[in-house]
Amino acid sequence: PAMRSACSVPRPLTLPNSRENSMYSRLLVPLDGSATAELALHHAAALARLSGATLVLLHVIEEMKHCNGFERPQVYVEQVRPGFLAAGQALLDAAAARLRGQGLTVETLLIESKGERVSALVAQQALSARCDLVVLGTHGRRGVDRLLLGSDAEQVARIAPVPVMLVRQPPSAATTSQPPGWGGTAA
(Lines give C-alpha, C1' and ligand atoms only; values in the text may rest on other atoms or scores of the structure.)
Protein backbone atom coordinates (compact mmCIF):
# COMPACT_ATOMS: atom_id res chain seq x y z
CA PRO A 1 0.00 0.00 0.00
CA ALA A 2 1.14 3.56 -0.79
CA MET A 3 2.05 5.81 2.13
CA ARG A 4 0.40 9.21 2.35
CA SER A 5 2.42 12.11 3.65
CA ALA A 6 1.02 14.22 6.43
CA CYS A 7 0.87 17.25 4.15
CA SER A 8 -1.54 15.57 1.73
CA VAL A 9 -4.22 14.89 4.36
CA PRO A 10 -7.16 17.18 3.65
CA ARG A 11 -7.85 19.72 6.38
CA PRO A 12 -11.27 21.01 7.27
CA LEU A 13 -12.10 24.38 5.75
CA THR A 14 -12.10 27.16 8.33
CA LEU A 15 -13.26 30.69 7.69
CA PRO A 16 -11.13 33.55 9.02
CA ASN A 17 -14.09 35.05 10.89
CA SER A 18 -15.30 31.78 12.39
CA ARG A 19 -15.99 32.37 16.10
CA GLU A 20 -14.97 28.90 17.24
CA ASN A 21 -11.56 29.26 15.56
CA SER A 22 -10.98 32.88 16.54
CA MET A 23 -8.32 34.00 18.94
CA TYR A 24 -10.74 36.49 20.52
CA SER A 25 -14.44 36.00 21.03
CA ARG A 26 -15.28 38.80 23.50
CA LEU A 27 -13.61 42.21 23.47
CA LEU A 28 -14.00 44.56 26.42
CA VAL A 29 -13.86 48.22 25.38
CA PRO A 30 -13.97 50.81 28.21
CA LEU A 31 -15.50 54.09 27.03
CA ASP A 32 -15.28 57.50 28.68
CA GLY A 33 -16.30 59.78 25.83
CA SER A 34 -12.73 60.78 24.98
CA ALA A 35 -11.18 60.79 21.51
CA THR A 36 -8.74 58.06 22.58
CA ALA A 37 -11.61 55.83 23.73
CA GLU A 38 -13.32 56.37 20.36
CA LEU A 39 -10.11 55.40 18.57
CA ALA A 40 -9.85 52.24 20.71
CA LEU A 41 -13.49 51.47 19.83
CA HIS A 42 -12.67 51.89 16.13
CA HIS A 43 -9.80 49.38 16.45
CA ALA A 44 -11.95 46.97 18.48
CA ALA A 45 -14.71 47.14 15.85
CA ALA A 46 -12.21 46.28 13.12
CA LEU A 47 -10.93 43.35 15.16
CA ALA A 48 -14.51 42.19 15.84
CA ARG A 49 -15.30 42.28 12.12
CA LEU A 50 -12.26 40.09 11.42
CA SER A 51 -12.84 37.63 14.24
CA GLY A 52 -16.61 37.61 14.69
CA ALA A 53 -16.11 38.69 18.31
CA THR A 54 -18.74 40.28 20.52
CA LEU A 55 -17.92 43.82 21.67
CA VAL A 56 -18.59 44.44 25.36
CA LEU A 57 -18.74 48.19 25.92
CA LEU A 58 -18.05 49.37 29.48
CA HIS A 59 -18.57 52.76 31.06
CA VAL A 60 -17.44 53.29 34.64
CA ILE A 61 -19.05 56.14 36.51
CA GLU A 62 -16.86 57.83 39.07
CA GLU A 63 -19.37 59.41 41.44
CA MET A 64 -16.83 61.79 42.95
CA LYS A 65 -16.43 63.50 39.58
CA HIS A 66 -20.15 64.32 39.58
CA CYS A 67 -20.65 65.82 43.00
CA ASN A 68 -19.04 68.46 45.14
CA GLY A 69 -20.10 67.14 48.53
CA PHE A 70 -22.37 70.10 49.23
CA GLU A 71 -25.51 68.64 47.67
CA ARG A 72 -28.25 67.63 50.03
CA PRO A 73 -28.71 63.82 49.99
CA GLN A 74 -32.16 64.19 48.45
CA VAL A 75 -30.81 66.34 45.60
CA TYR A 76 -28.04 63.84 44.96
CA VAL A 77 -30.43 60.86 44.92
CA GLU A 78 -33.18 62.55 42.89
CA GLN A 79 -31.20 64.70 40.46
CA VAL A 80 -27.42 64.24 40.39
CA ARG A 81 -27.15 60.44 40.36
CA PRO A 82 -29.94 59.88 37.80
CA GLY A 83 -28.29 62.49 35.58
CA PHE A 84 -24.88 60.85 35.46
CA LEU A 85 -26.39 57.37 35.11
CA ALA A 86 -28.48 58.56 32.13
CA ALA A 87 -25.45 60.27 30.54
CA GLY A 88 -23.35 57.11 30.94
CA GLN A 89 -26.08 54.92 29.46
CA ALA A 90 -26.57 57.38 26.58
CA LEU A 91 -22.83 57.16 25.79
CA LEU A 92 -23.03 53.35 25.69
CA ASP A 93 -26.29 53.29 23.72
CA ALA A 94 -24.97 55.66 21.04
CA ALA A 95 -21.79 53.61 20.54
CA ALA A 96 -23.75 50.33 20.57
CA ALA A 97 -26.23 51.62 17.98
CA ARG A 98 -23.39 52.66 15.64
CA LEU A 99 -21.74 49.25 15.95
CA ARG A 100 -24.96 47.28 15.59
CA GLY A 101 -25.66 49.32 12.47
CA GLN A 102 -22.40 47.87 11.11
CA GLY A 103 -23.66 44.34 11.82
CA LEU A 104 -21.59 43.77 14.97
CA THR A 105 -22.75 42.02 18.15
CA VAL A 106 -22.62 44.39 21.13
CA GLU A 107 -23.31 44.24 24.86
CA THR A 108 -23.13 47.18 27.26
CA LEU A 109 -22.14 47.45 30.92
CA LEU A 110 -22.65 50.51 33.10
CA ILE A 111 -21.08 50.36 36.56
CA GLU A 112 -20.47 52.80 39.39
CA SER A 113 -17.04 52.94 41.00
CA LYS A 114 -18.13 53.45 44.63
CA GLY A 115 -14.62 54.81 45.27
CA GLU A 116 -12.73 51.92 43.63
CA ARG A 117 -10.05 52.62 41.02
CA VAL A 118 -11.36 52.51 37.48
CA SER A 119 -8.46 50.27 36.45
CA ALA A 120 -9.43 47.67 39.05
CA LEU A 121 -13.05 47.72 37.88
CA VAL A 122 -12.03 47.30 34.23
CA ALA A 123 -9.88 44.30 35.17
CA GLN A 124 -12.74 42.81 37.23
CA GLN A 125 -15.22 43.29 34.37
CA ALA A 126 -12.86 41.59 31.92
CA LEU A 127 -13.13 38.50 34.11
CA SER A 128 -16.85 38.83 34.98
CA ALA A 129 -17.91 39.38 31.37
CA ARG A 130 -15.68 36.49 30.18
CA CYS A 131 -13.72 38.75 27.83
CA ASP A 132 -10.46 37.56 26.35
CA LEU A 133 -9.04 40.96 25.33
CA VAL A 134 -9.33 44.52 26.64
CA VAL A 135 -9.01 47.23 23.97
CA LEU A 136 -8.27 50.49 25.72
CA GLY A 137 -7.47 54.02 24.62
CA THR A 138 -4.52 55.74 26.26
CA HIS A 139 -3.32 59.32 26.15
CA GLY A 140 0.29 58.13 26.06
CA ARG A 141 1.45 60.60 28.68
CA ARG A 142 5.15 60.68 29.38
CA GLY A 143 7.47 62.20 31.93
CA VAL A 144 6.08 64.47 34.63
CA ASP A 145 2.50 64.34 33.30
CA ARG A 146 2.48 60.55 33.65
CA LEU A 147 4.10 60.74 37.07
CA LEU A 148 1.61 63.31 38.37
CA LEU A 149 -1.56 62.11 36.63
CA GLY A 150 -0.85 58.39 36.57
CA SER A 151 -2.22 56.14 33.88
CA ASP A 152 -5.37 54.08 34.24
CA ALA A 153 -4.49 52.33 30.99
CA GLU A 154 -1.05 51.34 32.25
CA GLN A 155 -2.57 50.07 35.48
CA VAL A 156 -5.15 48.00 33.55
CA ALA A 157 -2.34 46.51 31.46
CA ARG A 158 -0.54 45.52 34.68
CA ILE A 159 -3.45 43.94 36.54
CA ALA A 160 -5.88 42.67 33.89
CA PRO A 161 -6.37 38.88 33.82
CA VAL A 162 -6.41 38.94 29.99
CA PRO A 163 -4.26 40.59 27.29
CA VAL A 164 -4.66 44.36 26.88
CA MET A 165 -4.36 46.23 23.60
CA LEU A 166 -3.47 49.89 24.21
CA VAL A 167 -4.46 52.28 21.45
CA ARG A 168 -2.80 55.67 21.42
CA GLN A 169 -3.62 58.56 19.16
CA PRO A 170 -0.62 59.63 17.10
CA PRO A 171 0.60 63.15 17.98
CA SER A 172 -0.41 64.46 14.53
CA ALA A 173 -4.00 63.22 15.11
CA ALA A 174 -4.33 64.75 18.56
CA THR A 175 -6.38 67.60 17.13
CA THR A 176 -8.79 65.20 15.37
CA SER A 177 -11.74 64.15 17.50
CA GLN A 178 -12.46 60.93 15.57
CA PRO A 179 -10.59 58.22 13.72
CA PRO A 180 -10.64 58.59 9.93
CA GLY A 181 -13.69 57.02 8.34
CA TRP A 182 -15.58 56.72 11.63
CA GLY A 183 -19.09 58.14 11.26
CA GLY A 184 -21.17 59.94 13.82
CA THR A 185 -20.31 62.73 16.16
CA ALA A 186 -17.58 62.92 18.75
CA ALA A 187 -18.62 62.29 22.31
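All heavy atoms count here, side chains included; hydrogens, waters and symmetry mates do not. Remember, predicted model here, so these are calculated numbers, not experimental data.
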Any residue meeting side chain to side chain contact (heavy atoms under 4.5 Å, CB included) with His59, in chain and number order, not counting sequence neighbours | Ile61, Leu91, Leu92, Leu110
With sequence neighbours left out, write down each residue that passes side chain to side chain contact (heavy atoms under 4.5 Å, CB included) with Ala129, or none if nothing qualifies.
-> Arg26, Val56, Leu109, Cys131
How close do Ala123 and Ala160 get, heavy atom to heavy atom, and via which atoms?
-> CB-CA, 3.9 Å
Between Val29 and Ala44 the two heavy atoms that sit nearest each other are CG2-CB, 3.5 Å
Of all the heavy-atom pairs spanning Leu27 and Ala48, show the shortest one and how long it is.
-> CD1-N, 4.0 Å
When rounded to the nearest 0.5 Å, the distance separating CG of Leu47 from CG of Leu55 is 8.5 Å
Rounded to the nearest 0.5 Å, the OG1 atom of Thr36 sits from the CG atom of Leu41 at a distance of 11.5 Å
Using a strict 4.0 Å threshold on nitrogen-to-oxygen distance, state whether Lys114 and Glu116 make a salt bridge.
-> no
Could you pull out all residues at least two apart from Thr108 that satisfy side-chain hydrogen bond (donor to acceptor under 3.5 Å, both in side chains)?
-> none
Given Gln155 and Val118, is the side chain to side chain contact (heavy atoms under 4.5 Å, CB included) satisfied, shown in steps?
-> CA-CA 9 Å; Gln155 183 67 15; Val118 171; over 6 Å; no
Rounded to the nearest 0.5 Å, what separation is found between the OG1 atom of Thr54 and the CG atom of Leu28?
-> 12.0 Å
Is it true that Met165 and Met23 fall in one hydrophobic cluster, defined by side-chain heavy atoms closer than 4.5 Å?
-> yes
Minimum heavy-atom distance Val164-Ala157, with the two atoms named | CG2-CA, 3.9 Å
What are the two closest heavy atoms between Ala95 and Leu31, and how far apart are they?
-> CB-CD1, 3.8 Å
How many angstroms lie between NE2 in His43 and CD in Glu38, if you round to the nearest 0.5 Å?
-> 12.0 Å
Heavy-atom check, side chain of Leu57 versus side chain of Glu107, under 4.5 Å | no
List in chain and number order the residues that pass side-chain hydrogen bond (donor to acceptor under 3.5 Å, both in side chains) with Gln124, two or more places apart in sequence or in another chain; answer none if no residue qualifies.
-> none
Using the test side chain to side chain contact (heavy atoms under 4.5 Å, CB included), find all partners of Ile111 that sit at least two apart in sequence or belong to another chain.
-> Leu58, Val60, Leu121, Gln125
Shared-cluster residues of Ile159, by chain and number - hydrophobic side chains joined below 4.5 Å | none
Once you round to the nearest 0.5 Å, how far does CD of Gln89 lie from CZ of Phe84?
-> 13.5 Å
Residues forming a salt bridge (charged side-chain N to carboxylate O under 4.0 Å, His left out) with Arg117, sequence neighbours excluded | Asp152
Could you pull out the closest heavy-atom pair between Tyr24 and Leu133, with the gap in Å?
-> CD2-CB, 3.7 Å
Sequence neighbours left out, what passes side chain to side chain contact (heavy atoms under 4.5 Å, CB included) with Ala153? Give chain and number order.
-> Leu136, Thr138, Ser151, Leu166
Checking Arg100 side chain against Val106 main chain: does a donor-acceptor pair fall under 3.5 Å?
-> yes
Report yes if the side chains of Arg49 and Gln102 come closer than 4.5 Å at any heavy-atom pair, otherwise no.
-> yes
First locate atom CG of Asp93, then atom CZ of Arg98, and finally report the distance between them rounded to the nearest 0.5 Å.
-> 11.5 Å
